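The next block holds one structure in the form of structure tokens; read it before the comments.
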Amino acid sequence: MCNQITDIVAIDGPVGAGKSSVGRQVAERLGFAYLDTGAMYRAATWWAIENGTDLDNPEALTAITQNMPLHLSDSNGELRVRVGAQDITEVIRTPEITRQIYKLDHAAGVREHLVRLQREFGARQPTVADGRDMGSVVFPKARWKIYLDASLEERARRRAAQFAEKGLQVDLAELTREIEERDRKDMTRAVSPLQKAPDARVLDTTQLTFDQSVDAIVDFVREVL
Ligand code: C5P
């Protein structure tokens, strides 16, 4: 059963809902591959800036994205992102990249290319894929669709805790405003906006621990497997 193209756990949701950390753990528990599509948009943004591409020119962004030698790999349970020989795993998480992604994320040609790569990945093996348009656009026939959510306050608190783990102090009020602004952009863009697919199961993790969130998704998958 696991060899069918629909053996996809599609996880969508707003910034900081825990999609990546929960998704990765769900994939490990199920023995599925894990695909972080946000990392692909981040890598494309880094690559465009690195090449001096005009971020306001969708055709130029499409062309440069199509030429990006992107490699995603798993190293001891950690995603490594490389473009050519350069490891950009850390740099794509910087605020500079995060601020500029919206310039690429609504360029139709950029999305078309990355969506093709995502579908090819999902067709090769059972996959947990997280992003904004997994259930609605990329894998509309996914066997499992989850919309992972949590209150804005809780998402900001979790993000701040992640920064603190890296030794970075952030202003919680400012972080909350930034998250709200990114959500607004993700939800209102004309192309592939963040939305709950009609057949997605909503999982609000505001009151859940990390392990409880993982368990809830693993249980959902096993109900159907
Ligand atoms: O998930 P992450 O926060 O790393 O995603 C970064 C950004 O990439 C999102 O805010 C959105 O602009 C874009 N993105 C997207 N479609 C996806 C995944 C991410 O547009 N499937």
Side-chain angles (χ1 to χ4, degrees), residues 7-42 72-81 89-90 92-95 98 118 121-122 125-135 139 142-176 178-180 182-183 186-187 194-197 200-225:
D7 277 331
I8 304 282
V9 182
I11 305 180
D12 293 303
V15 174
K19 299 182 299 294
S20 303
S21 46
V22 169
R24 168 175 300 287
Q25 187 64 26
V26 167
E28 198 176 317
R29 289 261 303 271
L30 294 170
F32 284 22
Y34 168 67
L35 181 64
D36 177 347
T37 64
M40 299 172 81
Y41 287 91
R42 289 174 179 277
L72 301 179
S73 58
D74 190 276
S75 160
N76 299 324
E78 295 280 322
L79 173 74
R80 301 308 306 178
V81 183
T89 307
E90 317 296 339
I92 59 171
R93 306 281 161 195
T94 55
T98 304
Q118 292 157 15
F121 186 100
Q125 68 264 295
T127 296
V128 177
D130 88 64
R132 303 295 188 285
D133 55 348
M134 297 297 100
F139 301 114
R143 198 182 297 275
W144 305 275
K145 295 184 186 179
I146 314 279
Y147 189 85
L148 204 63
D149 209 349
S151 71
L152 176 62
E153 294 70 26
E154 177 61 14
R155 291 186 286 122
R157 200 193 57 72
R158 290 179 191 166
R159 258 298 138 86
Q162 283 171 353
F163 281 120
E165 263 176 35
K166 294 182 188 162
L168 299 168
Q169 294 306 318
V170 290
D171 181 296
L172 190 60
E174 198 181 318
L175 185 63
T176 307
E178 277 173 21
I179 290 177
E180 213 172 6
R182 281 184 59 204
D183 285 347
D186 282 341
M187 289 173 179
L194 166 64
Q195 56 184 305
K196 185 187 99 55
R201 184 178 284 201
V202 177
L203 181 62
D204 187 322
T205 67
T206 308
Q207 309 286 345
L208 301 184
T209 63
F210 174 77
D211 287 341
Q212 287 171 330
S213 306
V214 172
D215 284 348
I217 299 179
V218 169
D219 288 350
F220 171 44
V221 170
R222 290 196 172 139
E223 267 171 34
V224 185
L225 258 182

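Quick caveat, the model's predicted, so the values are computed rather than measured.
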With a 4.5 Å cut-off on side-chain heavy atoms, are [Y] and [X] touching?
| X | Y | value |
| --- | --- | --- |
| Val128 | Val221 | no |
| Ile92 | Tyr41 | no |
| Asp130 | Tyr34 | yes |
| Gln25 | Arg29 | yes |
| Asp186 | Pro14 | no |
| Arg132 | Val15 | yes |
| Leu79 | Thr89 | no |
| Trp144 | Asp7 | yes |

Nearest heavy atoms of [X] and [Y], plus distance in Å:
| X | Y | result |
| --- | --- | --- |
| Ala27 | Ala33 | CB-O, 3.8 Å |
| Leu203 | Ser213 | CD2-O, 3.9 Å |
| Gly135 | Ala10 | N-CB, 3.8 Å |
| Leu148 | Gly18 | CD2-C, 3.7 Å |
| Ile179 | Ala156 | CD1-CA, 3.7 Å |
| Gly23 | Ile11 | CA-CD1, 3.9 Å |

Looking at Gln212, I want to see if its CD is surrounded by more than 12 non-hydrogen atoms of other residues, nucleotides or ligands under 6.0 Å.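 Counting other residues, nucleotides and ligands, CD of Gln212 exceeds 12 neighbours.
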With rounding to the nearest 0.5 Å, note down the distance linking [atom1] in [X] to [atom2] in [Y].
| X | Y | atom1 | atom2 | value |
| --- | --- | --- | --- | --- |
| Gln195 | Asp133 | CD | CG | 9.0 Å |
| Gln125 | Phe32 | CD | CZ | 10.5 Å |
| Leu35 | Arg24 | CG | CZ | 10.5 Å |
| Thr127 | Ile8 | OG1 | CD1 | 4.5 Å |
| Arg93 | Lys166 | CZ | NZ | 7.5 Å |
| Thr37 | Phe121 | OG1 | CZ | 11.0 Å |

Sidechain N-carboxylate O distance under 4.0 Å for Arg201, Glu223: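 Counted as a salt bridge, because a side-chain N and a carboxylate O are separated by less than 4.0 Å.
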Any salt bridge linking Glu154 with Arg159? Criterion: basic side-chain nitrogen under 4.0 Å from a carboxylate oxygen.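 No salt bridge links Glu154 with Arg159.
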Thr206 side chain to Arg155 side chain, donor-acceptor N/O pair below 3.5 angstrom: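 Arg155 and Thr206 do not have a side-chain donor-acceptor pair below 3.5 Å.
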Indicate whether any N or O donor in one side chain lies under 3.5 Å from an N or O acceptor in the other, for Thr205 and Arg158.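 Looking only at side-chain atoms, Arg158 and Thr205 do form a donor-acceptor pair, the distance falling under 3.5 Å.
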Lys19 side chain to Gly13 main-chain N or O, any donor-acceptor pair under 3.5 Å?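 Yes, the answer is positive, given that a donor and an acceptor are paired below the 3.5 Å cut-off.
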May I ask you to decide if Met134's main-chain N or O and Asp12's side chain share a donor-acceptor pair within less than 3.5 Å?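 Indeed, once roles are kept as given, a pair shorter than 3.5 Å links the two residues.
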Take Arg42 and Thr98, measure what side-chain hydrogen bond (donor to acceptor under 3.5 Å, both in side chains) needs, and give me the verdict at the end. CA-CA 7 Å; Arg42 289 174 179 277; Thr98 304; 3.0 Å; yes
